[in-house]
Chemist: 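Let me begin by handing over the structure; questions about it come next.
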2 protein chains.
Amino acid sequence: MNQLLEKRGLRATPHRVRIAQKVLQEHCHFTAEDICGWAGGLKKRLSRATVYNILNEFVAVGLLKSFYSSALGKTIYDSNTENHFHLYDTDKDQILDVDPSLVTVNTSGLKGYRIDQIEILMKGRRR
Amino acid sequence: MNQLLEKRGLRATPHRVRIAQKVLQEHCHFTAEDICGWAGGLKKRLSRATVYNILNEFVAVGLLKSFYSSALGKTIYDSNTENHFHLYDTDKDQILDVDPSLVTVNTSGLKGYRIDQIEILMKGRRR
DNA sequence: GAGTATTTTTAGATTCAATCTAATATTAAA
DNA sequence: TTTAATATTAGATTGAATCTAAAAATACTC
Ligand SMILES: [Mn+2]
Ligand SMILES: [Mn+2]
Ligand SMILES: [Zn+2]
Ligand SMILES: [Zn+2]
């Protein structure tokens, strides 16, 4: 974990390591407030500023991605940094990852434009 | 314009008519603050509450659509209520409509889910 | 080690879009 | 009219996110 951080130019401070352990071990979606609320076995709670600082550093160095969910009205941090899309399960009230191979997008009709980024947010439910 | 409103169950009050004229005549993207800032040849400025009330009523009855732009960090109201996608032109700092026929999306790989809504936000620029 | 510079963390203030409140104004119905 | 329903309002409030300026922790130099 320490090397993971240092390889990206971030000093492996206790707070960064603690958040990294919580968040980078397995793919998950979470909000900044989730981390603020999470004590993490610590004596003192992390400051809100620290949480936002660290999460946004993680995004900047590519350890996390983030996107705004209109469904939830806040920024979601995503430890799956692979290219993928999102499906908001309206039954479970939960954001699911969608492998991009399952959704084919063809933008070749868009002549005259170079598309740098595509974000797909689906809403649905189990049938 | 009055019939347009009344057909959807909204009384054609002066404020609603004024905003409808400003906003429904041609396809455009705008923010609530755009309307608040716009005097509209009126003696008194519209209250912020009124602007949000009316715009959200228009969305509720299908005269407008709205979506949140992460690029701009606020809700965009859209007088194009046809199904379409959005391209944020990073050069012009402007949101463009993309006809859905120009972008084909195939979600049939997503077995076990019924997709009710797809939102596609692209970023790009003229080539 | 001490001393100094740099980075990190912090509590609380601030921002800003958006909503809410509770009173007033306007329109409709009786 | 009088009364009821609807619309508009200024300002307060909310809540996510950022900013500030000071304290704490860490690294660097001698
Ligand atoms: Mn959450
Ligand atoms: Mn605008
Ligand atoms: Zn994801
Ligand atoms: Zn549009």
Side-chain angles (χ1 to χ4, degrees), chain A residues 1-2 5-6 8-23 29-61 63-78 95, chain B residues 1-2 5-6 8-23 29-61 63-78 95:
Chain A
M1 194 57 66
N2 288 33
L5 293 173
E6 278 155 10
R8 313 246 179 175
L10 293 178
R11 247 161 58 183
T13 65
H15 288 158
R16 288 208 267 244
V17 172
R18 183 177 319 134
I19 292 181
Q21 284 169 341
K22 165 77 170 166
V23 136
H29 298 125
F30 58 94
T31 65
E33 285 305 317
D34 287 338
I35 305 301
C36 290
W38 168 71
L42 267 289
K43 31 260 163 196
K44 229 181 29 163
R45 298 215 297 108
L46 296 136
S47 160
R48 186 178 37 253
T50 303
V51 171
Y52 278 101
N53 285 347
I54 291 181
L55 293 180
N56 290 335
E57 283 167 353
F58 284 9
V59 170
V61 302
L63 289 171
L64 288 176
K65 284 192 171 190
S66 73
F67 61 95
Y68 185 90
S69 160
S70 342
L72 301 176
K74 51 187 88 165
T75 297
I76 303 297
Y77 293 90
D78 190 345
I95 295 168
Chain B
M1 194 57 67
N2 288 31
L5 294 172
E6 277 156 9
R8 313 246 179 177
L10 294 178
R11 249 163 54 184
T13 65
H15 288 159
R16 288 200 186 115
V17 172
R18 183 177 318 134
I19 292 181
Q21 284 168 342
K22 164 78 170 167
V23 135
H29 298 125
F30 57 94
T31 65
E33 285 305 318
D34 287 338
I35 305 301
C36 291
W38 168 71
L42 267 289
K43 33 258 164 200
K44 229 180 31 162
R45 300 215 295 109
L46 297 136
S47 160
R48 186 177 38 255
T50 303
V51 171
Y52 279 101
N53 285 347
I54 292 181
L55 293 181
N56 290 334
E57 284 168 354
F58 283 11
V59 171
V61 301
L63 289 172
L64 288 176
K65 285 193 170 187
S66 72
F67 61 95
Y68 185 90
S69 161
S70 344
L72 302 176
K74 52 187 86 164
T75 296
I76 303 297
Y77 293 89
D78 191 344
I95 295 168

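Just so it is clear: chains get the letters A, B, ... in the order the sequence lines come, proteins before strands, and each one is counted from 1. Just so it is clear, the values below take in all heavy atoms, side chains as well, and ignore hydrogens, waters and symmetry mates.
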Chemist: Give the rounded distance in Å between these two atoms: NZ of A:Lys74 and P of D:dT14.
Modeler: 16 Å
Chemist: Identify, with sequence neighbours excluded, every residue that meets side-chain contact (heavy atoms from CB on, under 4.5 Å) alongside B:Thr75.
Modeler: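 Here the qualifying residues are B:Ser66, B:Tyr68, B:Tyr77.
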Chemist: Mind checking B:Arg16 for me? I need base, sugar-phosphate or nothing, with any heavy atom below 4.0 Å counting as a touch.
Modeler: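 B:Arg16: backbone/sugar contact only, no base atoms under 4.0 Å.
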Chemist: Do the non-hydrogen side-chain atoms of A:Leu72 and A:Ile95 ever get within less than 4.5 Å of each other?
Modeler: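 In contact.
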Chemist: Compare all side-chain heavy atoms of B:Leu63 with those of B:Val23 and state whether any distance is below 4.5 angstrom.
Modeler: no
Chemist: Identify, between A:Glu33 and A:Ala49, the residue whose nearest nucleotide on DNA chain D lies closer to the 5' end.
Modeler: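 Its nucleotide being nearer the 5' end, the pick is A:Glu33.
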Chemist: Among D:dT9, D:dA27, D:dT18, find the nucleotide with the atom closest to the side chain of A:Arg11.
Modeler: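 In terms of side-chain proximity for A:Arg11, the closest of D:dT9, D:dA27, D:dT18 is D:dA27.
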Chemist: Quick one: A:Leu55 CG to D:dA16 P, roughly how many Å, whole number?
Modeler: 14 Å
Chemist: Answer yes or no: does a side-chain N or O of B:His15 lie under 4.0 Å from OP1 or OP2 of D:dT9?
Modeler: yes
Chemist: Using OP1 and OP2 only, check whether a side-chain N or O of B:Thr50 sits under 4.0 Å from D:dT9.
Modeler: yes
Chemist: Looking at B:Glu33 and B:Lys74, is there a salt bridge between them, counting it only when a charged N and a carboxylate O are closer than 4.0 Å?
Modeler: no
Chemist: Is any side-chain nitrogen or oxygen of A:Thr75 closer than 4.0 Å to OP1 or OP2 of D:dA17?
Modeler: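 A:Thr75 to D:dA17 OP1/OP2: side-chain N or O found under 4.0 Å.
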Chemist: Can you measure A:Leu46 atom CG to D:dA24 atom C1' for me and round it to whole angstrom units?
Modeler: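 To the nearest whole Å, that distance equals 15 Å.
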Chemist: At the 4.0 Å heavy-atom cut-off to chain A, mark where contacts on DNA chain C begin and end, going 5' to 3'.
Modeler: C:dT7 to C:dA13
Chemist: Would you kindly give the CD1-to-C1' distance between A:Ile54 and D:dT18, to the nearest whole Å?
Modeler: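 Taking CD1 of A:Ile54 and C1' of D:dT18, I get 16 Å after rounding.
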Chemist: Side chains of B:Thr50 and B:Asn53 only: does a donor on one sit below 3.5 Å from an acceptor on the other?
Modeler: no
Chemist: Please confirm whether the shortest side-chain N or O distance from A:Tyr52 to OP1 or OP2 of D:dA17 is below 4.0 Å.
Modeler: yes
Chemist: Taking atom P of D:dA16 as reference, at what distance in whole Å does atom CZ of A:Phe30 sit?
Modeler: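 These atoms are roughly 16 Å apart.
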Chemist: Got a sec: does the NZ of B:Lys65 have more than 12 other heavy atoms crowding it under 6.0 Å?
Modeler: yes
